[in-house]
Amino acid sequence: MAIRDLIPWSKPQELAPARDSFDPFLTLHREMNRLFDDVFRGFGSPGLSSSMEGRFGWPKVELSETDKALTVSAELPGMTEKDVQVEITNGVLTIRGEKKAEDHGEGRYFSERYYGAFERQIPLDDVQEDKVEATFKNGVLTVSLPKSDKPREGVKRIAINAA
């Protein structure tokens, strides 16, 4: 599609479709989505319009932090605690599992729901890994990570001088 096709007044009147069947903003919206998909596909991502929820950033997580703890909540609708595995390795919290597809019997059907394996990794700093607790209620996994009392080791602040 050429850029001139996005501008309705650049077409000769006899070639332009009827006003009620042509929406230039909808055409522009679709073309922008296609362009963004092409860009993200070039970086190894599956693109934004093709099941973004399923492949990029699922499950959705929420992080909250206080002086004493870090809390990670993940939305996992339709799952139970048996479907999910939580572990900490080398300072990284990993949430993984699999949501199995439901059998709808014979016939065709359409679904926008995501099924399959997933994994989210969240880097951690200054937490007491031996005191981590996880709970699962109403499709929400909550992981509480108490912070360490000792300061981070191996961190050195570098002063920046004006040139």
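Residue numbers run from 1 in the order of the sequence given.
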Requested in this report: Decide side-chain contact (heavy atoms from CB on, under 4.5 Å) for Val140 and Thr142; before the verdict, give the C-alpha distance in whole Å, the side-chain angles of both, and the deciding distance to 0.1 Å.
Outcome: CA-CA 6 Å; Val140 178; Thr142 304; 4.0 Å; yes
Inter-residue atom distance [X].[atom1] - [Y].[atom2], 0.5 Å rounding:
X      : Y      : atom1 : atom2 : value
Asn138 : Leu76  : CG    : CG    : 12.5 Å
Ser148 : Glu129 : OG    : CD    : 10.0 Å
Leu28  : Met32  : CG    : CE    : 6.5 Å
Asp125 : Leu70  : CG    : CG    : 10.0 Å

Got a list of side-chain donor-acceptor pairs under 3.5 Å for residues 82-100, not counting sequence neighbours?
from, atom 1, to, atom 2, distance (Å)
Asp83, OD2, Thr80, N, 3.0
Asp83, OD2, Thr80, OG1, 3.4
Gln85, NE2, Glu87, OE1, 3.0
Glu87, OE2, Arg96, NH1, 3.1
Arg96, NE, Glu119, OE1, 3.0
Arg96, NH2, Glu119, OE1, 3.2
Lys99, NZ, Pro77, O, 3.2

Evaluate the side-chain proximity of [Y] to [X]: yes if any heavy-atom separation is below 4.5 Å, no if none is.
X      : Y      : value
Val143 : Leu145 : yes
Ile122 : Val72  : yes
Arg120 : Pro59  : yes

Report task. Examine distances only and state if a side-chain atom of Gln128 and a backbone atom of Lys147 form a donor-acceptor pair shorter than 3.5 Å. Result ->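 Yes.
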Query raised in the report: Which pair of non-hydrogen atoms, one from Met79 and one from Phe136, has the smallest distance, and what is that distance?
Result: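 Scanning both residues, the minimum pair turns out to be O-CE2, 3.3 Å.
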Requested in this report: Find out if a path of hydrophobic residues (ILVMFWY) with successive side-chain heavy-atom gaps under 4.5 Å connects Leu63 to Leu124.
Outcome: yes
Query raised in the report: Counting only heavy atoms not in Glu62, do more than 12 sit closer than 6.0 Å to its CD atom?
Result: no
